[in-house]
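Reading through the structure tokens given below for one structure.
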Amino acid sequence: MAHLELDDVSAAYGTFQVLKGIDLSVARGETVGLVGPSGSGKSTILRVLTGLLPPSSGEVRVAGDVVDYSRASEIRRLRDRCAIVFQQYNLFQNLTVLENVTIAPTKIRGRKRAEVQPEAEALLARVGLSDKLGAYPDELSGGQQQRVAIARALCLKPEILLLDEVTAALDPELVSEVLDTIRGLAAEGMTMLIVSHEMGFIREISARVAFMAEGRVVELGSPADIFDNPQKERTRDFVGKILRH
Amino acid sequence: MELFDLLTYYNVLFLAQDALTTLALSAFGCVLGGILGTALAVVRLTRGKLTLPLRGLALVFTEFFRRVPFLVTLFLCFFAFQFGGLEVSTLTVGCVTVVLIGTAFLAEIVRAGLQSVHPNQWHAAEAMNFSLLQTIRYVILPQAWTVILPPAFGFFILFIKDSALASQIGVVELTYVGKVLNNRGFSAGVTFGTILVIYFAISFPLARLGAKLEKKLGSSRTR
């Protein structure tokens with residue numbers, strides 16, 4: 001059984017149809033990459049999976065459980081299972097690094113601070129930020145902030161991690177430190193859905209890659225299939241463009 | 001000197017009592033108005049069909065009472081109580097008026113402050129299962145203080161002065177007592193000079209408090 005499944009999922013912003021029948025599945029422990037031009041709906045899929053945008057039709061299943069988006073309790077459950085890391089990190093500016101990581105587990109989930117804090121410290125140590133626990137987000141570089149964001153997502157103990165262009169806002173020399181963190185997660189068997197423009201990274205880390213355009217999955221296959229031997233005209237066109245530069 | 005004649009024991013008591021009325025009236029409007037205004041601001045930030053009528057009400061309320069002059073609202077309340085056949089003191093009418101106006105203005109100030117915080121802070125909190133109130137309490141309000149406090153304290157100080165209008169319906173407050181003393185034969189210069197000093201003595205510490213709070217709550221953390 002797939003860990004995460006989207007079955008003919010459509011979604012719209014107002015009257016603008018962004019997703020037009022997405023079929024996609026991610027196996028347990030698998031990393032799937034989403035690539036495609038801007039506006040193709042990649043990030044929208046992640047918004048649907050965190051309940052920020054309910055689908056207009058179709059079905060989302062997590063470990064076989066159908067998510068009923070009309071019920072607040074099921075959206076909460078979905079968010080407990082899927083954590084997202086945003087392109088712009090979205091760290092809480094008023095809280096320190098440690099507080100950013102611990103606030104949701106303690107204040108929202110009601111776990112004991114004494115129990116959460118060592119976990120948070122361990123996660124921050126793992127992303128190499130042990131010396132920044134008391135720092136505020138605006139005192140950190142983009143790469144450091146993004147690693148805090150990853151630690152914050154992991155402290156929620158999600159089953160599935162959604163990464164939305166997590167390196168897009170970073171200076172080139174900071175990209176590798178974030179990618180190293182994600183590599184480590186993949187190696188540990190975290191189920192991940194990754195939207196990225198880092199084609200080299202997507203190719204390296206993904207078991208499968210979905211190429212999206214105009215709200216549809218145009219082609220789905222192994223990284224080698226998609227990047228070296230695309231079957232569809234639209235995919236060839238995209239891959240040709242990104243490999244040319 | 002005339003000033004010493006004015007400052008007899010009973011006159012000082014009279015002044016102090018009415019300074020207290022002015023202070024109480026303004027404090028009532030600011031504190032209760034602040035609480036209710038924040039509630040209205042939060043209502044206006046909700047989404048979905050369920051709270052739509054509430055949102056509409058909140059919008060009409062804030063827009064209406066921000067546009068009607070203080071004095072008109074005061075008479076509106078005064079006559080509304082009369083029509084309703086309710087026997088209440090003019091001070092009660094004054095209190096209701098200041099709360100209505102305080103709520104409307106502070107609702108708008110708080111709403112603007114909450115909305116000034118970057119949308120990505122809301123998204124992150126929502127994706128982590130924060131409720132609307134939890135998001136506001138832990139994430140948004142701490143970042144909104146810098147935007148809320150300066151206009152809020154500016155409003156408080158204007159409000160203390162506006163409360164003088166309550167004398168128009170017979171609430172015995174600071175301005176009213178000025179008129180009374182003036183009628184008793186004290187010169188306008190001395191009586192209203194004294195009143196002025198008292199108004200200043202009330203509003204100046206408030207302005208200082210505002211500046212202090214801004215400094216404390218609105219550090220560089222909140223952009």
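Convention: sequence-line order gives letters A, B, ...; per-chain numbering from 1. Values below: all heavy atoms of this structure, side chains included; hydrogens, waters and symmetry mates excluded. Keep in mind it's a predicted model, so treat the numbers as computed, not measured.
For Leu50(B), the CG atom is loosely surrounded, since the number of other residues' heavy atoms within 6.0 Å does not exceed 12. Atom OH of Tyr13(A) has more than 12 heavy atoms from other residues, nucleotides or ligands within 6.0 Å. No more than 12 heavy atoms of other residues, nucleotides or ligands lie within 6.0 Å of CD in Glu87(B), so this atom counts as exposed by the packing criterion. Surrounding OH of Tyr176(B) are at most 12 heavy atoms belonging to other residues, nucleotides or ligands under 6.0 Å away. For Arg137(B), the CZ atom counts as loosely surrounded, since its 6.0 Å shell holds 12 or fewer non-hydrogen atoms of other residues, nucleotides or ligands.
Contacts from residues 122-132 of chain B to chain A, taken as heavy-atom pairs separated by less than 4.5 Å, involve His123(B), Ala124(B), Ala125(B), Glu126(B), Ala127(B), Met128(B), Asn129(B), Phe130(B) in sequence order. Contacts from residues 80-89 of chain A to chain B, taken as heavy-atom pairs separated by less than 4.5 Å, involve Asp80(A), Ile84(A), Phe86(A), Gln88(A) in sequence order.
Between the Asn90(A) side chain and the Asn120(B) main chain, a donor and an acceptor come within less than 3.5 Å of each other.
For a residue to count as touching a neighbouring chain, one of its non-hydrogen atoms must lie under 4.5 Å from one of that chain's; by this rule Gln121(B) touches chain A with backbone and side chain alike. Heavy atoms of Arg109(A) lying under 4.5 Å from chain B are absent altogether.
Pairing each heavy atom of Gln134(B) with each of Lys107(A), the nearest pair is NE2-O, 3.8 Å. The two residues Phe92(A) and Val139(B) have their closest heavy-atom pair at CD2-CG1, 3.4 Å.
Interface remark: of the candidates Leu78(A), Ile75(A), Thr50(A), Leu91(A), Leu91(A) forms the most heavy-atom pairs closer than 4.5 Å to chain B.
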